[in-house]
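Below is one structure, written out as structure tokens; comments come after it.
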Amino acid sequence: MKNKAKASLRLVHRKLLRWYETSGRPLPWRKTRNPYKILVSEIMLQQTQVSRVLQHYPRFIKKYPNFHSLSRVGVAEVLRAWRGLGYNNRAVRLLNLARTVDGLHEGILPRSIEHLRSLPGIGHYTAHAIACFAFGAKVPVVETNIGRVLARLFPSRQNVWETAGRILPPRRVFEWNQGLMDLGALICTPHLPDCGHCPLRDLCPTAHRVVRPAMKKRKEPGRNGIPNRIYRGKIIEVLRNRNGRGSIAAERLGSLIKPDFSVRDRIWLRGLLRSLEKDGLVRVGRWRGGVSVSFP
DNA sequence: GAACCGTGGTT
DNA sequence: TAACCAAGGTT
């Protein structure tokens, strides 16, 4: 890299880190280095806004403060604690992860990115996030915010992960990664970026002239124009609210999640239940010639 | 690599 | 109001 580019990069480091000191968000998972607490926050934050996670994270951590306490409960209890967060598969994966760590790793989360990635629910991003935020590794992190920021700051670069690795500062990598995310969430937003208040505006080639790529929506499979995943969520919510009583007849479940449920919907409902069963979210059994549904 | 997976606020 | 969007992961 040329000296000029190096100097410019150092300026980016300085400006962003300074901005983060004064404008970074005071989020609870930034005040700890506890691997379990960092992990829970990262799983919750997958495709989920910070504002929503803030509503549920403290209560979840209080109820399940470590891998051991979480590993001892069942799917039903975890899904109730997960209510409102969405993507319920994450709760099941987190539970299985806790059981694995508690049972096979003496309650200690692995430190290596490769090992982390082998655990359920931890992919490329989350493994790097845990390595950096919990273990202090000097590794890059790229999620939707940072991907957008880097695409605008380095429009000629193609691979954002490679770019993120190349521009990593020599120290304060924790603050650097968190700062880039805050910049994307607060200033460098998708629709109308607030370039006037951006600490990097003088160094950004696309400042004040951001074009956002027009994305086309895909069509989701569903019923009556409602995607199947919404019905899946309704099924889980019905089961959550059946405190005590274990199972429910599929026919009754159908009428609860779809007001005009009829015999023509039976096959469709069976498909939903099969997918939920495969994900470990429900158990499907036989009952009086029909089908019964409960938490596993 | 595309399809699938919740929930609810914002525009 | 319909569409978009949000600290991704799995198959």
Side-chain angles (χ1 to χ4, degrees), chain A residues 20 24-25 27-30 37-57 79-94 96-97 113 116-134 139-150 160-161 164 174-186 188-193 212-222 225-240 257 271-282:
Chain A
Y20 177 70
R25 294 171 290 182
L27 305 175
W29 45 88
R30 287 177 175 170
K37 295 180 180 177
I38 300 282
L39 167 69
V40 171
S41 76
E42 291 300 338
I43 301 295
M44 285 187 175
L45 286 162
Q46 289 168 0
Q47 290 287 286
T48 307
Q49 299 95 328
V50 167
S51 59
R52 181 180 311 285
V53 174
L54 284 173
Q55 297 174 22
H56 304 279
Y57 177 79
L79 283 177
R80 287 196 181 96
W82 201 260
R83 178 169 8 215
L85 282 164
Y87 284 145
N88 299 308
N89 280 336
R90 295 182 297 169
V92 174
R93 294 185 190 127
L94 177 60
N96 289 333
L97 190 158
I113 288 175
L116 285 168
R117 277 201 72 167
S118 72
L119 297 171
I122 299 185
H124 192 186
Y125 161 76
T126 306
H128 282 72
I130 291 170
C132 177
F133 303 144
V139 295
V141 154
V142 177
E143 34 63 87
T144 182
N145 289 303
I146 295 183
R148 182 175 58 254
V149 169
L150 297 187
V160 285
W161 271 96
F174 180 106
E175 291 81 0
W176 168 256
N177 284 329
Q178 299 279 6
L180 280 180
M181 286 193 276
D182 275 2
L183 190 69
L186 302 175
C188 196
T189 53
H191 180 52
L192 204 67
R212 67 193 187 108
M215 304 235 310
K216 39 231 167 224
K217 271 286 272 211
R218 63 190 159 76
K219 211 165 160 122
E220 294 188 56
I226 301 175
N228 280 336
R229 60 188 169 86
I230 303 303
Y231 287 108
R232 283 173 46 116
K234 289 178 184 288
I235 291 172
I236 298 302
E237 184 59 18
V238 167
L239 291 178
R240 277 195 192 104
I257 66 167
L272 286 187
L273 294 175
R274 209 169 1 249
S275 76
L276 287 166
E277 188 175 36
K278 185 149 54 68
D279 291 340
L281 285 162
V282 306

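Chain identifiers are assigned alphabetically (A, B, ...) following the order of the sequence lines, protein sequences preceding nucleic acid strands; residue numbering begins at 1 within each chain. Heavy-atom basis, side chains included; hydrogens, waters and symmetry copies ignored.
- Between A:Trp82 and A:His56, the ring centre distance reaches or exceeds 6.0 Å.
- As rounded to the nearest Å, C:dA7 and B:dA3 have C1' atoms that lie 22 Å from one another.
- Searching all strands for a Watson-Crick or G-U wobble partner of C:dT11 with both distances below 3.5 Å returns B:dA2.
- The same atom, P, is picked in C:dT11 and in B:dG6; the two are 14 Å apart, to the nearest Å.
- In this structure, A:Trp82 reaches neither bases nor backbone, as no heavy-atom distance under 4.0 Å exists between it and the strands shown.
- When side chains are defined from C-beta on, A:Leu281 counts as touching A:Arg232, because their heavy atoms get closer than 4.5 Å.
- In this structure, A:Trp161 places its CH2 atom 11 Å from C1' of C:dA7, rounding to the nearest Å.
- At whole-Å resolution of the value, CG in A:Leu27 and P in C:dA7 are 11 Å apart.
- For the residue pair A:Arg90 / A:Thr48, a side-chain donor-acceptor distance below 3.5 Å is found, with atom types taken as modelled.
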>> Each nucleotide in nucleotides 5-11 of chain B should get exactly one letter: B, S or -. Can you fill that in based on protein heavy atoms under 4.0 Å?
In response: BBBB---
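- If you check every strand for non-hydrogen atoms under 4.0 Å, A:Arg30 touches a base.
- We find that CD1 of A:Ile113 is positioned 12 Å from P of C:dG9, with the value rounded to whole Å.
- Distance from the side chain of A:Thr126 is smallest to C:dG8 among C:dT10, C:dG8, C:dA7.
- Across all strands, A:Gln55 comes closer than 4.0 Å to no nucleic acid atom at all (heavy-atom distances).
- Side chain of A:Tyr125 to backbone of A:Thr144: no donor-acceptor contact under 3.5 angstrom is found.
- With hydrogens and angles ignored, the 3.5 Å screen pairs a side-chain donor or acceptor of A:Gln46 with a backbone N or O of A:Gly121.
- Note: CG (A:Leu39) to P (C:dG8) measures 15 Å, nearest angstrom.
- Nucleic acid contact for A:Ile38: none, since no nucleic acid atom lies under 4.0 Å from a heavy atom of the residue.
- Under the Watson-Crick or G-U wobble criterion, with both distances below 3.5 Å, C:dA6 is paired with B:dT7.
- As a whole-Å value, the separation of A:Leu192 CG from C:dC4 P is 17 Å.
- Sequence order on DNA chain C of the closest nucleotides to A:Glu143 and A:Gly121 puts A:Glu143 first from the 5' end.
- Remark: side-chain polar atoms of A:Glu143 are paired, donor with acceptor, to backbone N or O of A:Asn145 under 3.5 angstrom.
- At a cut-off of 3.5 Å, with distance as the only test, a side-chain donor of A:Arg240 or A:Asn88 sits close to an acceptor on the other residue.
- Atom pair A:Phe174:CZ and C:dA7:C1' shows a separation of 13 Å (rounding to whole Å applied).
- Note on A:Arg25: a base of the nucleic acid sits closer than 4.0 angstrom, heavy atoms only.
- The CD1 atom of A:Ile43 sits 5.0 Å away from the CG atom of A:Leu39 when rounded to the nearest 0.5 Å.
- Residue A:Leu45 contributes atom CG, which lies 12 Å from atom P of C:dG9 at whole-angstrom precision.
- Residues A:Asn145 and A:Arg93 each lie close to DNA chain C; by heavy-atom proximity, the contact nearer the 5' end of the strand is made by A:Asn145.
- Rounded to whole angstrom, the span from the OH atom of A:Tyr125 across to the C1' atom of C:dT10 amounts to 18 Å.
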